Visitor: 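Starting off with a structure, shown below.
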Amino acid sequence: MGTLTGTGILARHILRRDRLILPLWGFLSAVYPMSIANSTVALYPTADLLRPVAQEAMANPAQLATRGVVFDAGAGGMTAWTVGSSGAMLMGLVSMLLVIRHTRVDEESGRSELIGSGVVGRQAPPAAALGVVCSVNLLIGALMSVLLMGTGLPAAGSLALGLALAAAGCTFAAVGAVAAQVTESAVSARGLGVSVFIAFFLIRAVGDASGAHWLSWLSPLGWTLNVRPFAGERWWVAALLLAFIALLAVAAHMLSARRDLAAGLLPPRLGPAAAAPGLRSPLALAWRLHRGQVVAWTAGFAVAGLTLGGAVSGNLEGQLNSPQIMDMIARVGGEDARPADFFLNFLLSMLAWIVATSGMLSALRLRSEESAGRADLVLVTPVSRVRWALSHLVVALAGPALVLAALGVTAGLGYSLTSGDIGKLPQVLAGALAYLPAVWVMTGIAAALAGLLPRFAMAAWGIWVGFILIDVFGMLGQVNANLLEIIPFVHIPWVLLGQMSPAPLAVLTAVAAALTAAGVAGLRRRDLVA
Amino acid sequence: MTNAISVSGLVKTFGRTRALDGLDLTVGTGEVLGFLGPNGAGKSTTIRILLGLMRADSGKASLLGGDPWADATDLHRRLAYVPGDVTLWPTLSGGEVIDLLGRLRGGIDPQRRATLLERFELDPRKKGRAYSKGNRQKVALVAAFASDVELLILDEPTSGLDPLMEAVFRDSVAEEKARGRTVLLSSHILSEVEALCDRVSIIRAGRIVETGTLAELRHLTRTSVTAELAQTPDGLNGLPGVHDLSVVGNKVTCQVEPAHLDALFGRLTALGLRNVTAAPPTLEDLFMRHYRTAQPGGQRRNQVA
Ligand SMILES: Nc1ncnc2c1ncn2[C@@H]1O[C@H](COP(=O)(O)OP(=O)(O)OP(=O)(O)O)[C@@H](O)[C@H]1O
Ligand SMILES: [Mg+2]
């Protein structure tokens with residue numbers, strides 16, 4: 001029996017299982033560029049109207065970081081610029097999660113052991129998953145191109161944009177396939193895959209925003225944009241992407257041949273036969289459960305901080321002397337605010353949203369421990385519910401503090417080293433830690449939901465996304481100022497621009513404490529449910 | 001004898017489901033009580049209320065002389081629990097879980113821990129995610145048996161154990177009983193219940209329908225009788241205490257309540273017995289009847305007596 005036997009059967013199985021999600025995702029992805037193209041033409045019917053938009057975008061580091069460089073100020077170029085980065089995220093992340101779903105998740109739930117014992121080769125599941133997801137990406141890309149041509153945009157650019165986004169999808173599908181092979185569980189496969197995505201995104205964001213464009217070339221998300229649809233297409237960059245995808249696919253294929261079903265590439269190590277003397281309290285258990293996450297996040301943000309701090313101070317000063325951007329900086333930070341300070345604080349404000357998820361993850365552990373039944377094991381010992389809840393919440397509150405501190409110190413260090421002004425470090429650290437109360441509020445929301453409305457605990461993520469949306473539209477001035485007030489992050493002073501206002505910090509901390517207390521009180525009173 | 005567990009009139013509803021509907025249950029100190037009933041009857045719900053993981057809507061429950069909800073933390077020092085579907089922390093080894101749970105309960109006897117690990121043939125170095133279903137059960141069983149407690153609450157603890165380990169489990173429970181510990185054992189395995197339990201309580205739709213020693217329960221059950229007669233029988237219809245009567249030619253089969261065996265055999269003898277078998281009720285018969293019938297058990301008991 002060949003190791004790829006049965007790939008076709010599996011592929012059909014995948015198509016059947018995902019018969020709802022694939023068309024839905026494909027349709028949304030394919031229509032997205034077309035709708036942006038239509039509205040671009042409708043809003044800015046002439047090139048003269050578009051040019052200032054492009055100029056402003058090129059001068060704004062936040063735009064450069066999120067969307068990259070504008071290669072052409074025409075309707076096609078602006079469409080490609082608008083959808084390039086977000087489209088790659090939409091295609092890439094969904095593709096990656098789909099591949100992991102049909103390899104790691106299946107394997108973990110034991111389903112593919114059935115398959116493995118039947119008429120299906122051991123390398124068939126990753127091949128089928130990758131094959132299906134990449135084919136769907138190509139279909140989406142083709143449909144995208146046709147729809148773009150339908151709006152009257154040039155054929156070459158339409159094709160290039162469709163191809164670039166399909167390639168982004170396939171790249172992260174392949175990243176997912178590799179991640180599924182080297183990790184031992186679906187959770188860690190997803191964690192690894194998403195981390196790789198974030199790393200590639202940050203590398204490109206920093207490269208584009210700081211003008212160190214060579215950095216963008218280290219990331220496939222930079223390559224996607226550098227296919228330059230509607231701006232003198234560079235087809236060889238697409239070829240580069242294809243080569244990278246092929247490389248990853250071969251790697252996944254070879255890895256899957258070399259390991260046992262359900263095992264990671266590294267054999268699961270045996271643990272200790274007896275517990276360390278310290279493992280004797282709920283807090284010790286909570287720390288044990290969360291410490292991997294806390295350490296990984298701290299290390300990750302330390303690296304990010306060092307890179308970002310250095311890049312901002314090194315390359316930015318010269319980039320930002322457009323009048324619009326200086327205007328905006330002056331509005332926020334006063335006449336003598338430095339653009340680099342502004343940009344670094346802007347990055348801190350963005351990263352704080354991500355740090356918040358680490359606290360939320362830890363707080364939601366209360367719920368996942370409960371629904372898995374592991375909470376029962378602890379709560380039928382003489383450990384009260386309050387003590388158990390606090391053990392996780394202490395980590396959920398202290399973890400992000402550690403992450404923000406690491407980010408502040410390293411960003412300050414990077415910034416100081418490049419600028420030669422070591423005195424900046426404490427200010428950058430304070431600027432990062434200022435976000436802690438807002439992060440705590442998000443942790444508190446998760447804790448309150450887990451305690452009071454356990455079945456809706458995951459709504460915490462909905463609130464997080466909702467806040468981000470309000471914040472984004474708020475920046476564009478499209479949100480009622482009162483609504484904007486509900487977002488904890490907007491109340492945080494920008495310390496690097498000299499803002500000092502302890503009052504909101506105190507209020508936010510009190511709100512976080514109240515939410516956390518409400519969660520614990522709820523948990524004390526209710527039934528534990530699976 | 002004081003009661004380790006006594007419950008009366010317990011009611012618990014989940015939305016429209018009435019999971020417990022006036023449940024009464026007692027477990028004497030030092031007794032092993034088998035807690036049986038069909039799926040969804042309310043066994044786990046009862047146990048979760050006793051463990052203070054859930055609160056009853058109404059009714060009284062006392063556990064080791066305390067209130068399972070209000071005094072939960074203190075009571076938990078004196079009991080251990082094994083659920084039917086143990087989930088472990090994926091990154092903790094089995095040995096770590098056993099030690100941690102033991103320490104949370106106030107200490108673990110290393111000698112006993114070692115003995116149990118050996119008996120259950122459990123490798124304590126494997127990580128939670130690497131254990132099979134049966135081995136996860138074993139981790140919780142070792143943790144429970146190794147701790148020095150008065151009461152063991154076991155909710156289908158042997159699901160997933162192979163027959164060899166099932167035997168080890170039985171030995172361990174017997175040992176616990178010999179040391180004077182109280183055991184509440186919910187189970188679907190009749191032979192296990194028969195081997196271990198002093199008394200059984202059968203729950204159906206949230207109520208106890210039968211309680212007693214196995215001998216007592218057997219007594220309440222019909223004997224099945226098959227007889228070949230010298231002539232085609234008539235007049236057997238309508239005999240009190242005779243059920244499921246079927247007559248084919250000279251052959252009669254039926255189910256008889258113990259109190260009416262005399263009368264039936266009187267009639268059969270009069271008709272000329274050629275061959276007869278009377279099978280005592282098997283445990284299966286006993287439970288099948290309780291699991292299936294809709295009739296509350298209390299009434300039947302009165303009829304029979
Ligand atoms: N958290 C819950 N929410 C809603 N309904 C529940 C919940 N827990 C139990 N039930 C319902 O209560 C009833 C009793 O369930 P329980 O788990 O106590 O049964 P059981 O006797 O343990 O069954 P089994 O033998 O299958 O373990 C069932 O109808 C079940 O569906
Ligand atoms: Mg149950």
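Reckoned from all heavy atoms, side chains included, excluding hydrogens, waters and symmetry mates. We name chains A, B, ... by the order of the sequence lines, and we start the count at 1 in each one. Nothing here was measured: the structure is a model prediction, and the numbers come from that model.
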Visitor: Go through B:E96, B:K126, B:R77 and name the one with the most non-hydrogen pairs under 4.5 angstrom from chain A.
Guide: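 Between B:E96, B:K126, B:R77, the count favours B:E96.
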Visitor: For the pair B:T73 (side chain) and A:V383 (backbone), establish whether a donor and an acceptor sit closer than 3.5 Å, ignoring hydrogens and angles.
Guide: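 Here the side-chain-to-backbone pair does not exist.
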Visitor: Around B:R125, counting heavy atoms of other residues, nucleotides and ligands shown, do more than 12 lie under 6.0 Å from its CZ?
Guide: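 Not buried by this count: 12 neighbours or fewer within 6.0 Å.
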Visitor: Less than 4.5 Å apart, any side-chain heavy atom of A:L285 and any of B:L92?
Guide: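 When only atoms from C-beta onward are counted, B:L92 and A:L285 do touch, with a gap below 4.5 Å.
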Visitor: Going by an N to O cut-off under 4.0 Å, is there a salt bridge joining B:R48 and A:D376?
Guide: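 A salt bridge links B:R48 with A:D376.
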Visitor: Does A:L377 form a side-chain contact (heavy atoms from CB on, under 4.5 Å) with B:W89? I'd like the steps, not just the answer.
Guide: CA-CA 11 Å; A:L377 290 184; B:W89 296 275; 4.3 Å; yes
Visitor: Ignoring hydrogens, what is the shortest heavy-atom contact between B:L100 and A:L279? Give both atom names and the distance.
Guide: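 Heavy atoms of B:L100 and A:L279 come nearest at CD1-O, 3.6 Å.
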Visitor: May I ask you to say whether B:K12 pairs ionically with A:D527, meaning some side-chain N is under 4.0 Å from a carboxylate O?
Guide: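 Salt bridge flag = yes for A:D527 with B:K12.
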Visitor: With rounding to the nearest 0.5 angstrom, report the CZ to CZ distance, B:R55 to A:R526.
Guide: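 Rounded to the nearest 0.5 Å, the CZ-CZ separation comes out at 12.5 Å.
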Visitor: Who wins among A:R525, A:R385, A:E369, A:R374 for the most heavy-atom pairs under 4.5 Å with chain B?
Guide: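 Top option by heavy-atom pairs under 4.5 Å: A:R374.
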Visitor: Against chain B, label A:A276 side chain, backbone, both or neither, depending on which of its atoms sit under 4.5 Å from a heavy atom there.
Guide: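 For A:A276, backbone heavy atoms alone lie under 4.5 Å from chain B.
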Visitor: Let me confirm one number: the OG1-NE2 distance from A:T381 to B:H76, rounded to the nearest 0.5 Å.
Guide: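 A:T381 OG1 to B:H76 NE2: 8.5 Å, rounded to 0.5 Å.
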Visitor: Please indicate whether B:K133 has more than 12 foreign heavy atoms, meaning atoms of other residues, nucleotides or ligands, lying under 6.0 Å from its NZ.
Guide: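 Count over threshold, so yes.
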Visitor: Please check if the side chain of B:R103 supplies one atom and the backbone of A:G278 the other of a donor-acceptor pair under 3.5 Å.
Guide: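 No: the side chain of B:R103 does not pair with the backbone of A:G278.
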Visitor: At a heavy-atom separation under 4.5 Å, does B:R78 approach chain A through its side chain, its backbone, both, or neither?
Guide: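 For B:R78, there is no contact with chain A at all, as no heavy atom is under 4.5 Å.
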Visitor: Specify the closest pair of heavy atoms between A:P282 and B:L104, including all atoms of both residues, with the distance to one decimal.
Guide: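 Answer, listing the atom of A:P282 first, then B:L104: CD-CD2, 3.9 Å.
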Visitor: Looking at B:A80, B:G95, B:P110, which has the largest count of heavy-atom pairs under 4.5 Å with chain A?
Guide: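 Heavy-atom pair counts peak at B:G95.
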Visitor: Closest heavy-atom contact between B:S93 and A:P272?
Guide: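 What the structure gives for the nearest pair is OG-O, 2.6 Å.
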Visitor: Within a 6.0 Å radius of atom CZ on B:F14, are there more than 12 heavy atoms belonging to other residues, nucleotides or ligands?
Guide: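 Count over threshold, so yes.
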Visitor: Tell me, with the steps shown, if B:L53 and A:L379 meet side-chain contact (heavy atoms from CB on, under 4.5 Å).
Guide: CA-CA 8 Å; B:L53 297 172; A:L379 289 172; 4.1 Å; yes
Visitor: Look only at the side chain of A:R280 and the backbone of B:G102, and say whether a donor-acceptor pair between them is shorter than 3.5 Å.
Guide: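 No, because the side chain of A:R280 does not come within donor-acceptor range (under 3.5 Å) of the backbone of B:G102.
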Visitor: What's the shortest heavy-atom distance between A:A273 and B:P124, and which atoms?
Guide: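 Looking at all heavy atoms of both residues, the closest pair is O-CB, 3.7 Å.
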